[in-house]
Amino acid sequence: MKVRLRMFAVLRERSGVSEMEIELVDGATVAAAMEEVGRRFGAIAELLPRAVAAVNLCYAKAGDSLHDGDELALIPPVSGG
Amino acid sequence: MKVRLRMFAVLRERSGVSEMEIELVDGATVAAAMEEVGRRFGAIAELLPRAVAAVNLCYAKAGDSLHDGDELALIPPVSGG
Amino acid sequence: MEQKDDVIGLQSTPLDVNAAVSDAGGSDSGAIALFLGITRRDSAAGREVISLDYEAYEEMATAQMRRLAEEARRRWPISRIVMLHRIGRVDVGQPSVLIVVSTPHRAEAFEACRFLIDRIKAEATIWKKEIWSDRSSTWVEGHGRWP
Amino acid sequence: MEQKDDVIGLQSTPLDVNAAVSDAGGSDSGAIALFLGITRRDSAAGREVISLDYEAYEEMATAQMRRLAEEARRRWPISRIVMLHRIGRVDVGQPSVLIVVSTPHRAEAFEACRFLIDRIKAEATIWKKEIWSDRSSTWVEGHGRWP
């Protein structure tokens, strides 16, 4: 299945990617997707443990399953305001 | 001794007096001054139990003594804001 | 101590929110909390309040507001305080009181702003008279907690 | 439900306090609480922050802000909400976030305003990068409490 990956702030800068499509096995979890991102982008592997994920604009848990067409965003610690 | 009396809002309106000098016995208390005001201005006598006094810009207690030249203000329940 | 750049007083002209916020700003402030009290529509027995007439014991109200500003400064790390109250006629829907507090962080801005408006409403020697559509008027009795 | 006259969003232009207050006003409101977050001067090792660069996951941040407005409306009797956050470059001393809440009475205005800014800062997908006088830059890590 295909998932739209989005990265922001320090993750976007260090990976050089703000948006891309990634191929994952059907039913892959958020955790599995984040491991895959860490393997592809070594520059951000050390940052991922402090990041969380959002799926389709809502925060998601590591064990949540992804579905084809989902938007998966990797969210470093927010600092708005 | 002479004390400057000031009245506001409903007390001013019903007594018709906003500011005047009153003569009191030396060392008269705030309570005695308010009784005197009630005797002079019958129209506000019924309102005075809900009013408090300020002496020289600070709230005062009924038992506080007045001094010559003090400014005694009669304060109905405030409703600013 | 009240700071010389605090803005505290009574005024018969409309309250200017933008001016107050810019008076309260500054490079040491990370947070500005503002409160604006607005005269509300009120009605009873088929008549409506069209405006309010504010009267103050001005010397005492100003002294009280300055003392409250000093007390707030002793409790919280405050950069600047703007505290203005209308006197005279204020139409329904218009602001009658404006408090602005700037501080380094937000918690203390909210707390100090809330403290100031609560205390002003309970203590400051300011009264309002409701002017009704039938031209009658009523003095409003607040729920002050005097010392 | 979010009300159609709430004003919620991200913007790359300066925040307009006067416009926000007049958007939030109305004859059913007796109280307006406003919070303005301002980028603070910061310094370390002889260099200074000259501006901040805000980045957002815009679709999600906007959705979050709308959900927070709905939650606030379920908790408090709110007339109107204005909730605006800057993106892009914000100079030191300039506001980066603006919350205005109007309600019938003051307690709920303060509570709802505080709730909204606390939750936005903790949860909204917005990040800031400090731009230093030596042209270096640092991403700020907040203290979010994500679900």
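Lettering follows sequence order; numbering is per chain, from 1.
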Pairwise distance CZ(B:R4) to CG(B:D70) - rounded to 0.5 angstrom: 12.5 Å
Spacing of C:L15 atom CG and C:R86 atom CZ [to the nearest 0.5 Å]: 6.0 Å
Contact class of [X] relative to chain B, heavy atoms under 4.5 angstrom:
{"X": "C:Y57", "result": "both"}
{"X": "C:A56", "result": "backbone"}
{"X": "C:S96", "result": "side chain"}
{"X": "C:E55", "result": "side chain"}
{"X": "C:R67", "result": "side chain"}

Residues of residues 12-20 of chain B near chain C, each having a heavy atom less than 4.5 Å away: B:R12, B:E13
All side chain to side chain contact (heavy atoms under 4.5 Å, CB included) counterparts of C:V140, not counting sequence neighbours: B:S79, C:K128, C:E130
Parallel, tilted or perpendicular, as decided by the 30° and 60° cut-offs, for the rings of B:F8 and C:W127: parallel
Carboxylate-amine/guanidinium contact C:R119 C:E71, below 4.0 Å: yes
Basic-acidic side-chain contact under 4.0 Å: C:E70, C:R73: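 Salt bridge absent between C:E70 and C:R73.
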Other residues, nucleotides, ligands: >12 heavy atoms within 6.0 Å of C:R135 CZ: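 Open.
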Full working for side chain to side chain contact (heavy atoms under 4.5 Å, CB included) between B:L66 and B:V30: CA-CA 6 Å; B:L66 293 164; B:V30 164; 4.2 Å; yes
